[in-house]
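Below is one structure, written out as C-alpha cells; the observations come after it.
Fair warning: this is a prediction, and the values are worked out from it, not measured in the lab.
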Amino acid sequence: MMLDASLPNSPARSRRLRWSRLAEPWWYLSPGLLLIALFIFVPMAIGISYAFQSINLLNPMETGWVGWDNFTEMFDDRRFFKALGHTLNWTLSSLLLQFFFGLALALLLNREFRFRRWVQALVFLPWAVPAFLSGLTWSWLLNPVVGPLPQWLSDVGVLSEPYNILSDPQLAMWGPVIANVWFGIPFFAITLLAALQSIPKDLYEAASIDGASGWQQFRRVTLPFLAPMIAITVMLRTIWIANFADLIVVMTDGGPAGSTSILSSYIFTTAYRKLDFGYASAMAVFLLLLMTCYALVLLRIRHQLLK
C-alpha cells in the first residue's frame, strides 16, 4: 500500500517542505543577485572575452578571435612593464602614507577635545570631493605661476627653485601621490575610528592598573583589535588605488615621458585614445588576476588574525 503524497506526514511532502525552506532565502535574494549578474558579472565576462579578440576601432576589418595574441603582445611591451613598476610605486607609497596618517587621525579623533566634531568634518571633507576636482586643484597648487607650493618648497630647501614638479620625470609621480594621500586619508580615518570606538574601555583601564604605558597599551590592546579591520581596509584601498587612474590622467596624463603612467591609466589610454579595446582588455584581465591574488592573500591573513 503506497502512502498518499498529500498526507501531512508523508515523505514526499516532507521533502517538498525541506526544499521550499532551502529555496525561500534565494527567492528573496533573487532581485539583488539578478542585478549583480547584469551589471557586474555580465560586463566582466564580456570584457574578459574582449581580451582574446582583436577589437581595434581604427582597423574595424581585422576584428576577430586572436587567442592569446594580446597577452603575447602585452609581455613584449616595454611600456606595459614600465607602467607595472610605476603601479607598484604609486600603490605602495600612496597606501602607506594614507594608512599612517589615517591611523594617527583616528587615534586623535578617538579622544575627547574641544571642537572635535568640527575637526571630524574637516578631516572627512576630502573624501567628498570628486577625484577630477581634487586632481585639478592639486595641479593648480603645484603650478609655480598660480600655486603657492613650489615657492614654499623652494623656501624650505626641498626645491632649488620654484618649478612645477609635474614636469620633472624624477619627481612627477609625487604630485599625484600627494593628491591621492590627501584624498584617501579620510577612508582610513573613518574606518579605523569606528574600530577604535568598538574596543571595550575596560581593557585600557585594566592595562593602566597593571602599569602598562601608552605604547604598551597601543601594542597589546589597540593593535590586536584593529588588526582584522586593518587587513580588510588595506586590501580594499590597495585595489582602489591600483585601479585609480583619475588623478594620474587629470594631473599628468601619464607624463612626462611616461614617468607617471600606471596600468590603469595605460589601459584607459589604450582603450579610449588608441581605440584598441582588445589589448586594453588583456591588460585589464592581468590587473584583475593580480588584484584577485592579492585579495586572497589578505583575506587569508585576516582569517588567521580572527582566530
Side-chain angles (χ1 to χ4, degrees), residues 18-57 60 62-75 77 80 83-84 87-88 90-91 94-95 127 130-132 180 183-184 187 190-191 228-229 231-249 262-304 306:
R18 186 165 59 251
W19 282 107
S20 178
R21 293 193 188 98
L22 291 173
E24 185 178 5
W26 295 103
W27 282 110
Y28 296 138
L29 290 172
S30 58
L33 294 175
L34 181 61
L35 290 175
I36 291 173
L38 288 175
F39 293 103
I40 296 180
F41 292 116
V42 171
M44 183 186 298
I46 294 173
I48 292 174
S49 70
Y50 284 173
F52 299 93
Q53 302 179 57
S54 174
I55 305 177
N56 191 330
L57 299 187
E62 297 181 4
T63 301
W65 290 91
V66 293
W68 298 93
D69 288 358
N70 287 325
F71 293 94
T72 303
E73 179 184 354
M74 181 179 69
F75 289 114
D77 188 356
F80 166 77
L84 180 60
T87 302
L88 296 176
W90 153 262
T91 304
S94 298
L95 179 70
W127 191 250
F132 174 82
N180 195 21
F183 178 79
F187 173 76
I190 293 169
T191 54
M229 178 60 73
I232 196 69
T233 52
V234 165
M235 181 193 74
L236 291 174
R237 195 68 190 128
T238 301
I239 295 172
W240 294 343
I241 292 173
N243 289 280
F244 193 40
D246 305 43
L247 291 176
I248 296 288
V249 172
I262 61 174
L263 273 182
S264 55
S265 65
Y266 188 33
I267 291 169
F268 174 84
T269 302
T270 303
Y272 295 103
R273 293 184 182 172
K274 297 181 180 179
L275 302 179
D276 190 349
F277 290 94
Y279 185 44
S281 297
M283 291 189 290
V285 168
F286 176 85
L287 184 58
L288 172 64
L289 292 175
L290 189 65
M291 291 296 101
T292 301
C293 294
Y294 171 80
L296 291 175
V297 171
L298 261 292
L299 289 174
R300 179 65 178 175
I301 294 174
R302 184 174 184 272
H303 179 72
Q304 295 296 325
L306 289 173

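Closest of all the heavy-atom pairs between N70 and A282 is CB-CB, 3.6 Å. Closest non-hydrogen pair, T191 versus F187, comes out as OG1-O, 2.9 Å. Minimum heavy-atom separation, W65 to S49: CZ3-O, 3.8 Å. Residues I241 and T91 come closest through the heavy atom pair CG2-CA, 3.7 Å. The two residues A242 and S264 make their nearest non-hydrogen contact at O-OG, 3.4 Å. Listed here is the closest heavy atom pair of A51 and S281: N-CB, 3.6 Å.
Applying the 6.0 Å contact sphere to OH of Y50 captures no more than 12 heavy atoms from other residues, nucleotides or ligands. At most 12 non-hydrogen atoms from other residues, nucleotides or ligands lie less than 6.0 angstrom from CZ of F41.
Residue F286 holds its CZ atom at 10.0 Å from CD1 of I267, rounded to the nearest 0.5 Å. Summarising the geometry, atom OG1 belonging to T233 is positioned 9.5 Å from atom CH2 belonging to W240; distances are rounded to the nearest 0.5 Å. With values rounded to the nearest 0.5 angstrom, Y266 atom OH is found 4.5 Å from T270 atom OG1. Between atom CZ of residue F132 and atom CG of residue D246 there is a gap of 10.0 Å, rounded to the nearest 0.5 Å. N243 contributes atom CG, which lies 9.5 Å from atom CG of L263 (distance to the nearest 0.5 angstrom). A distance of 15.5 Å separates CD1 in I55 from OH in Y279, rounded to the nearest 0.5 Å.
Partners of W68 according to the side-chain contact (heavy atoms from CB on, under 4.5 Å) rule, which considers only residues two or more places apart in sequence or in another chain, are F52, F71.
Looking at heavy atoms from C-beta onward, Y272 lies out of side-chain contact with V249 at the 4.5 angstrom threshold. Looking at heavy atoms from C-beta onward, L84 lies out of side-chain contact with I262 at the 4.5 angstrom threshold.
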